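What follows is a short report on a single structure.
Numbers here are sequence positions counted from 1. Keep in mind that what you see is a predicted model, and the values were worked out from it rather than measured.
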Amino acid sequence: MKSRVGSQGSLEEGKDSVTKVVTQYKPLSIRLLQFLLLFLGIGIVFSLLSMYMVRYSVMQNVIPMVQSRFQPCFQQLSLESWIRPPSSLLHSMNDTQLFWRASIVPQIKEYPFNRTRKIAFMFLTRGPIPLAPLWERFFKGNELYSIYIHSLPSYRPDFPPSSVFHGRQIPSQEAKWGRMSMCDAERRLLANALLDISNEWFILLSEACIPLHNFKAIYHYISKSRYSFMGAADEPGPFGRGRYNPNMVPEVNITEWRKGSQWFEVNRKLAVDIVKDDVYYPKFEQFCRPPCYVDEHYFPTMLTIESPRLLANRTLTWVDWSRGGAHPATFGKADINDQFFKRISESSTCVYNNQPTSLCYLFARKFAPSALGPLLEHSTKFLGF
């Protein structure tokens with residue numbers, strides 16, 4: 001019995017000892033588990049915070065980059081960016097780039113906006129415009145016009161900010177009389193003017209030109225005409241067909257050879273045709289050299305071949321060749337009188353919209369700087385403005 005009791009006692013004692021051991025380790029395990037869970041929770045929280053911060057940082061860097069990439073595209077694709085005239089006439093395009101840009105033409109004739117049609121007055125000069133005050137008076141109070149000036153690259157104009165000529169000089173190159181560089185200058189004027197979608201008619205003038213009528217009369221005459229005014233005559237003599245070079249075949253035959261005044265007025269369609277031409281240009285550049293004067297033959301011949309039904313076959317600029325020589329007569333202070341302007345108005349009759357008329361000229365040249373004073377003094381009487 002003692003032994004059993006002893007044995008049982010020992011067993012009971014062992015049980016108590018085991019219970020004590022388990023009781024001692026249970027709080028330790030729970031604390032360890034709680035610590036591990038807390039550590040794991042903190043790790044998860046830090047991981048989430050880190051992921052959020054990384055994602056936020058990436059988005060902050062990506063969104064501005066995406067905006068910087070896509071926002072200009074929206075601006076370039078807007079209609080306003082295409083129809084708004086250039087804020088400055090100065091640009092870095094060369095002629096090839098400029099002519100390509102200017103020759104882009106919409107294929108739908110109807111404009112999806114209200115378009116105000118303007119006349120582009122293009123002045124081909126060597127330097128200053130001595131008759132600018134007269135032109136200032138001509139343009140005053142009118143808005144349906146644009147002005148473009150092509151001068152020697154070295155010339156720096158000094159028109160005041162209040163002048164209609166201020167900031168109207170285009171990137172230019174030297175133009176030599178009788179050479180293709182003269183036609184290059186005229187094409188350059190046309191191309192720059194074509195960048196303004198509002199320009200519908202294009203008039204080439206020199207610094208020695210004056211208007212013979214007020215702005216409203218000239219605008220009405222040009223805007224209502226069915227034709228453009230480019231002289232294109234078939235002259236059989238030495239100064240016409242005599243300047244033709246057989247090497248121009250097959251692009252130009254002698255029966256298509258034309259001569260006309262350098263000073264012209266064309267509509268937008270013909271202006272684009274002149275700027276985009278790469279068929280006739282190489283022939284004239286290579287085979288029309290003095291005594292063949294390219295500025296008298298290139299445009300008249302090309303447009304006669306391409307668009308003969310759009311030409312009035314006459315110029316709007318009056319000049320006096322009666323004195324002979326390579327250049328027309330120049331008029332100064334002593335020439336400005338009633339008889340002089342009467343002579344211009346009665347010098348010829350012509351056809352306007354297929355009807356005979358005595359109003360044939362809207363401009364005249366060549367006028368010396370000395371003519372400015374009397375022209376300003378009597379502009380209301382002689383010119384109507």
Kindly indicate whether the side chain of Pro130, heavy atoms from C-beta on, has any atom under 4.5 Å from the side chain of Phe367.
no

What about Ile119 and Leu195, same hydrophobic cluster or not, with Ile/Leu/Val/Met/Phe/Trp/Tyr joined at side-chain heavy-atom distances under 4.5 Å?
no

Determine yes or no for a side-chain-to-main-chain donor-acceptor pair under 3.5 angstrom, with Thr349 supplying the side chain and Ser358 the backbone.
no

So, the side chain of Asn142 versus the backbone of Lys140: is there a donor-acceptor pair under 3.5 Å, distance only?
yes

Is Arg243 salt-bridged to Glu296, going by a charged N under 4.0 Å from an acidic O?
yes

More than 12 heavy atoms of other residues, nucleotides or ligands under 6.0 Å from CH2 of Trp177: is that the case?
yes

Any donor-acceptor pair under 3.5 Å from Asn253 side chain to Glu256 backbone
no

Flag if over 12 foreign heavy atoms under 6.0 Å of NE2, His220
no

CA sep, side-chain torsions, deciding dist, call: Phe139, Tyr145, ring-ring contact (aromatic ring centres under 6.0 Å, His included)
CA-CA 8 Å; Phe139 288 118; Tyr145 69 90; 4.3 Å; yes

Just wondering, more than 12 heavy atoms not from Glu143 lying within 6.0 Å of its CD?
no

Main-chain N/O of Leu124 paired to His150 side chain as donor or acceptor, under 3.5 Å:
no

Check whether the ring centres of Tyr280 and Tyr298 lie less than 6.0 Å apart, and answer yes or no.
no

Is there a side-chain contact between Arg101 and Ile104, using heavy atoms and a 4.5 Å cut-off?
yes

Path from Ile344 to Trp263 over hydrophobic side-chain contacts below 4.5 Å
no

Going by side chain to side chain donor-acceptor pair (under 3.5 Å), Ser151 matches just one of Arg156, Arg126, Gln169. Which one?
Gln169

Between Arg268 (side chain) and Asn199 (backbone), is there a donor-acceptor pair under 3.5 Å?
yes

Can any side-chain N or O of Ser347 pair as donor or acceptor with the backbone N or O of Ser345 at less than 3.5 Å?
no

Are Phe202 and Phe264 near enough that their ring centres are under 6.0 Å apart?
no

For Lys269, does the NZ atom sit with more than 12 other heavy atoms under 6.0 Å from it, leaving out its own atoms?
yes

Once rounded to the nearest 0.5 Å, what's the spacing between atom NZ of Lys259 and atom OG1 of Thr301?
11.5 Å

On a heavy-atom basis, the closest approach of Arg241 and Thr255 is NH2-CA, 3.9 Å

Should Leu89 and Phe121 be regarded as members of a common hydrophobic cluster, given that ILVMFWY residues are connected when their side-chain heavy atoms come within less than 4.5 Å of each other, either directly or indirectly?
no

On a heavy-atom basis, which atom in Val279 and which in Glu251 lie closest, and how many Å separate them?
CG1-CG, 3.8 Å

May I ask you to test the Glu174-Leu152 pair for a side-chain heavy-atom distance under 4.5 Å?
yes

Step through it carefully: locate the ring centre of Phe340, locate the ring centre of Phe331, and say whether they are under 6.0 Å apart.
yes

Does this structure show an ion pair linking Arg343 with Asp320, if we count only N-O contacts that are shorter than 4.0 Å?
yes

Answer yes if Leu131 and Leu316 sit in the same cluster of Ile, Leu, Val, Met, Phe, Trp and Tyr residues linked by side chain heavy atoms under 4.5 Å apart, and no otherwise.
yes

Nearest heavy-atom contact between Ser225 and Tyr352 is N-OH, 3.5 Å

Can you hop from Leu205 to Ile218 via hydrophobic side chains spaced under 4.5 Å?
yes

Might you work through the side chain to side chain donor-acceptor pair (under 3.5 Å) test for Arg365 and Ser206, ending with a clear yes or no?
CA-CA 8 Å; Arg365 67 185 301 267; Ser206 77; 3.2 Å; yes

Answer yes or no: is there a donor N or O on one side and an acceptor on the other, between the side chain of Arg168 and the main chain of Ile147, under 3.5 Å?
yes

Between Phe363 and Ile210, is there a side-chain heavy-atom distance shorter than 4.5 Å?
no

Rounded to the nearest 0.5 Å, how far apart are CG of Leu79 and CD1 of Ile83?
4.5 Å

Show your working on side chain to side chain contact (heavy atoms under 4.5 Å, CB included) between Ile222 and Leu362 and close with a plain yes or no.
CA-CA 9 Å; Ile222 291 175; Leu362 303 184; 3.8 Å; yes

I need the minimum non-hydrogen distance between Thr304 and Ala232, along with the two atoms involved.
OG1-CB, 3.5 Å

If we only count heavy atoms from C-beta on, is the Phe123 to Ile129 side-chain gap below 4.5 Å?
yes

Considering non-hydrogen atoms only, spot the tightest contact between His213 and Phe138 and give its length.
O-CE1, 3.3 Å

Could you give the distance from NZ (Lys366) to OG1 (Thr317), rounded to the nearest 0.5 Å?
13.5 Å

Looking at Arg187 and Asp277, would you say the former's side chain and the latter's main chain have a donor-acceptor pair under 3.5 Å?
yes

Could you verify whether a donor N or O on one side chain and an acceptor N or O on the other, from Asp184 and Tyr281, lie under 3.5 Å apart?
yes

Assess the side chains of Glu136 and Ser163: does a donor N or O sit below 3.5 Å from an acceptor N or O?
yes

Within the structure provided, determine whether Asn353 and Tyr227 are in side-chain contact (heavy-atom separation under 4.5 Å).
yes

Which pairs with one or both residues in residues 188-202 pass salt bridge (charged side-chain N to carboxylate O under 4.0 Å, His left out), sequence neighbours excluded?
Asp95-Arg188, Arg115-Glu200, Lys118-Asp196

Could you give me the CA-CA distance, side-chain angles and deciding distance for Gln173 and Asn94, then say whether side chain to side chain contact (heavy atoms under 4.5 Å, CB included) is met?
CA-CA 11 Å; Gln173 297 181 29; Asn94 59 35; over 6 Å; no

Is there a side chain to side chain contact (heavy atoms under 4.5 Å, CB included) between Gln286 and Asn247 once you walk through the steps?
CA-CA 9 Å; Gln286 186 174 1; Asn247 289 312; over 6 Å; no

Is there a donor-acceptor contact under 3.5 Å from the side chain of Arg179 to the main chain of Tyr293?
no

Tyr111 vs Phe113 aromatic rings, parallel, tilted or perpendicular, using cut-offs 30° and 60°?
perpendicular

Partner of Phe284 by ring pair (Phe, Tyr, Trp, His ring centres under 6.0 Å), out of Tyr244, Phe299, Trp257
Trp257

Would you call Asp273 and Ser307 a side-chain contact if the rule is heavy atoms closer than 4.5 Å?
yes

Look only at the side chain of Gln107 and the backbone of Val105, and say whether a donor-acceptor pair between them is shorter than 3.5 Å.
yes

State plainly whether the residues Lys381 and Asp338 are in salt-bridge range, i.e. N to O under 4.0 Å.
yes

Less than 4.5 Å apart, any side-chain heavy atom of Pro133 and any of Leu376?
yes

Kindly indicate, with the supporting measurements, whether the criterion side chain to side chain contact (heavy atoms under 4.5 Å, CB included) is fulfilled by Val294 and Arg289.
CA-CA 7 Å; Val294 66; Arg289 304 207 171 180; over 6 Å; no

Heavy-atom pair of closest approach, residues Ser379 and Leu134:
CB-CD1, 4.1 Å

Taking the six-membered ring for Trp, are the ring centroids of Phe165 and Trp135 within less than 6.0 Å of each other?
no

Roughly how far, to the nearest 0.5 Å, is CG of Leu270 from CE of Met230?
7.5 Å

